[in-house]
J.: 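Okay, handing you the structure first.
Quick note: numbers below take in every heavy atom, side chains included, and nothing from hydrogens, waters or symmetry partners.
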Amino acid sequence: MAGYVGDVAIAYDRDLGPVLFEHYAIDIARRATERSVRHMLEIAAGTGIVTRPIA
C-alpha cells in the first residue's frame with residue numbers, strides 16, 4: 001500500500017476496504033472472543049480494519 005497515497009488511499013480506507021474486508025474482521029474478532037486468549041498479536045498492519053473490532 002506504500003504506493004497508494006492521497007485520494008486513492010483515503011477512498012480505500014473509507015469506502016472500499018470496509019466493504020471488502022470488514023465482515024472478515026468482525027468474524028475474526030468474534031472467533032478471538034470464543035477462546036481463552038490472554039495475549040494477541042495482530043500483524044495485518046494495514047488500515048486497521050481488523051484491529052478496530054479486536055480492540
J.: Give every residue pair that meets the salt bridge (Lys or Arg N to Asp or Glu O under 4.0 Å) criterion with at least one member in residues 23-32, sequence neighbours excluded.
T.: Asp27-Arg30, Asp27-Arg31, Arg30-Glu34

J.: Output side-chain donor-acceptor pairs under 3.5 Å for residues 13-22, partner residues at least two apart or in another chain, one line each.
T.:
none

J.: Closest heavy-atom contact between Ala25 and Pro53?
T.: CB-CG, 3.9 Å

